[in-house]
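Quick note: numbers below take in every heavy atom, side chains included, and nothing from hydrogens, waters or symmetry partners. Naming convention: chains lettered A, B, ... in sequence-line order (proteins, then strands); numbering from 1 in each chain.
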Amino acid sequence: MVDTTPATAVQHADPAATPRLHDVELTINGQTHHLSIEPNVVLLDALRERLGLTGAKKGCDHGQCGACTVLVDGRSMNSCLMLASMADGCDITTVEGLAKPDGTLHPVQQAFLEHDAYQCGYCTAGQMMSATAILNDPSIERTDASIKDAMSGNICRCGAYKNIHDAIKTADARLNGGE
Amino acid sequence: MRAFDYTRPGAVDAAIATHARANSAYLAGGTTLLDLAKINIMQPDQVVDINGLGLDRIERLKDGRVQVGALVTNTALARHELIETHYPVLSQALLSGASTQLRNKATTAGNVMQRVRCPYFRDGTSPCNKRDPGSGCAAIGGVNRETFAVLGTSDQCIAAHPSDMCVAMAAIGATVSVMGPNGPRDIPFDAFHLLPGTSPAREHALEPDELITHVTLDAPPGGARSGYLKLRDRASYQFALASCAAQLSVEGGVIRAPRIALGGVATKPWRATDAERMLDGKVPSRALFEQAASAAFNGATAYEHNAFKIPLGRHAIIAELGALTGLETMQEVS
């Protein structure tokens with residue numbers, strides 16, 4: 001997909017000083033996108049405003065809440081604290097890329113559904129992306145304490161933490177044969 | 001976020017030359033820079049992305065030291081076999097900091113360069129000598145609890161240095177290697193971060209346009225053991241109220257080569273050299289650890305809301321020394 005429309009307008013003290021656009025190639029959920037984008041556009045805004053991938057949410061916009069979490073080359077990152085330009089050439093997975101093309105849910109999604117691991121749902125995409133990364137990372141111990149610690153960058157202001165934790169344990173059992 | 005130009009050079013020399021051409025900021029992980037650019041605390045006209053410079057390797061040098069590239073992420077450093085094996089204090093400190101997502105992005109040099117978490121610095125309007133020299137310090141006489149220091153403060157600034165990683169590096173001993181317009185140079189880790197004194201806006205020893213290329217960790221002495229204890233308001237994803245990084249060995253029943261550094265309580269990663277001298281060559285005991293811990297806080301200045309950090313910091317030292325020497329100390333802490 002090639003998208004050559006100008007990037008979303010941003011604040012400029014002096015319109016004549018508008019920085020030049022920067023060309024980036026992003027592979028998102030297996031599909032390659034070419035964007036011509038202003039240097040100050042963060043990956044989260046590029047996903048949401050340019051590519052229509054609104055699963056990743058803007059909560060705090062400062063890397064504190066985790067609602068914007070996506071996988072970049074397999075690792076969880078705050079897409080609000082990363083310029084789209086920095087992601088040039090990277091392989092990105094968003095929540096839209098978790099389920100199979102036929103609609104079969106990813107084990108993490110299925111477990112969140114079964115455990116009712118959300119209330120308002122605003123943090124859920126970020127929670128599931130962090131959970132997916134953790135369950136793919138053998139260096140993170142499968143103890144309650146270490147899972148909670150690894151998930152602490154995802155805030156749920158509804159307080160659904162218990163069910164989120166239970167869902168992750170269930171998904172771990174199905175993905176990795178954990179208890 | 002404010003507008004800026006973006007370049008991604010492929011060589012260190014080019015990065016430095018590009019940086020020198022405008023009001024610039026180097027961009028590594030971006031977790032500090034973009035956070036602060038969004039609230040106009042950092043206002044670069046140009047960001048120089050250094051992720052293409054190949055500074056992302058960890059290697060053991062022939063002299064036993066370990067060289068860490070500027071762009072090694074906090075996660076990669078914490079999980080590296082050399083670090084887990086020879087510098088547990090560093091691995092523990094890194095994993096106690098920030099969140100998984102931030103550690104995956106944040107870099108070694110970026111952590112060294114991270115800015116203070118003082119809310120008056122970050123709000124953009126309060127008097128702050130660090131952000132707006134000469135304007136005053138709203139924290140002195142303000143709400144000065146979590147992110148404020150009791151050691152190394154001045155009447156101009158009392159913001160605590162926020163890093164865990166740097167506290168471990170201070171305890172290990174390290175050298176910061178930089179490249180600049182005038183070539184490379186090495187800065188001892190203890191001399192890299194500056195006390196606020198009368199010029200809190202100057203936070204480190206870097207000259208204009210200089211770029212950190214790597215940090216080299218001293219070789220630990222034979223038989224050394226090390227660890228990091230972080231005390232905070234909640235169990236994860238929180239800055240230290242007080243922390244202690246310690247490295248030492250015990251030979252023939254006495255402590256050798258003790259190194260202690262403190263976090264959360266000081267305006268820079270804080271070597272407790274008086275405490276180290278008191279411990280060296282002595283038989284571990286609760287009484288000795290209490291003496292050393294008291295010495296570490298000699299000259300501390302308590303502010304209205306953070307006086308608790310002095311006993312908390314002392315207890316962090318006592319508990320960590322107890323853990324490293326096998327003495328039970330926690331139950332006796334009163």
Side chain proximity check, B/Tyr237 to A/Gln64, heavy atoms < 4.5 angstrom: yes

Side-chain donor/acceptor of A/Ser152 to backbone N/O of B/Ser236, under 3.5 Å: no

Heavy atoms under 4.5 Å from chain B: which residues of residues 76-98 of chain A carry them? A/Ser76, A/Met77, A/Asn78, A/Cys80, A/Leu81, A/Met82, A/Leu83, A/Ser85, A/Met86

Please answer whether the main-chain N or O of A/His62 pairs with a side-chain N or O of B/Lys38 as donor and acceptor at a distance below 3.5 Å. no

Is B/Asn104 in contact with chain A via its backbone, its side chain, both, or neither, using a 4.5 Å heavy-atom distance? both

Atom group of B/Asp49 that falls short of 4.5 Å from chain A, counting heavy atoms: side chain

Compute whether any side-chain donor of one residue and acceptor of the other, for B/Gln101 and A/Asn154, lie under 3.5 angstrom apart. yes

Segment of B/Ala28 engaging chain A (4.5 angstrom heavy-atom cut-off): backbone

Roughly how far, to the nearest 0.5 Å, is the CG atom of B/Leu95 from the CD1 atom of A/Ile140? 9.0 Å

Looking at B/Leu102, B/Asp45, B/Thr75, B/Thr73, which one has more heavy-atom pairs under 4.5 Å with chain A than the rest? B/Leu102

Tell me, side chain or backbone of B/Thr7 under 4.5 Å from chain A's heavy atoms, or both, or neither? side chain

Is the number of heavy atoms from other residues, nucleotides or ligands under 6.0 Å of A/Glu141 CD greater than 12? no

Between B/Thr32 and chain A, which part of the residue has a heavy atom less than 4.5 Å away: side chain, backbone, both or neither? neither

Neighbours of chain B found in residues 127-139 of chain A - heavy atoms under 4.5 Å: A/Ser130, A/Ser139

CZ of A/Arg75: more than 12 outside heavy atoms within 6.0 angstrom? no

Would you say the side chain of B/Arg2 lies within less than 4.5 Å of the side chain of A/Asn40, judging by non-hydrogen atoms? no

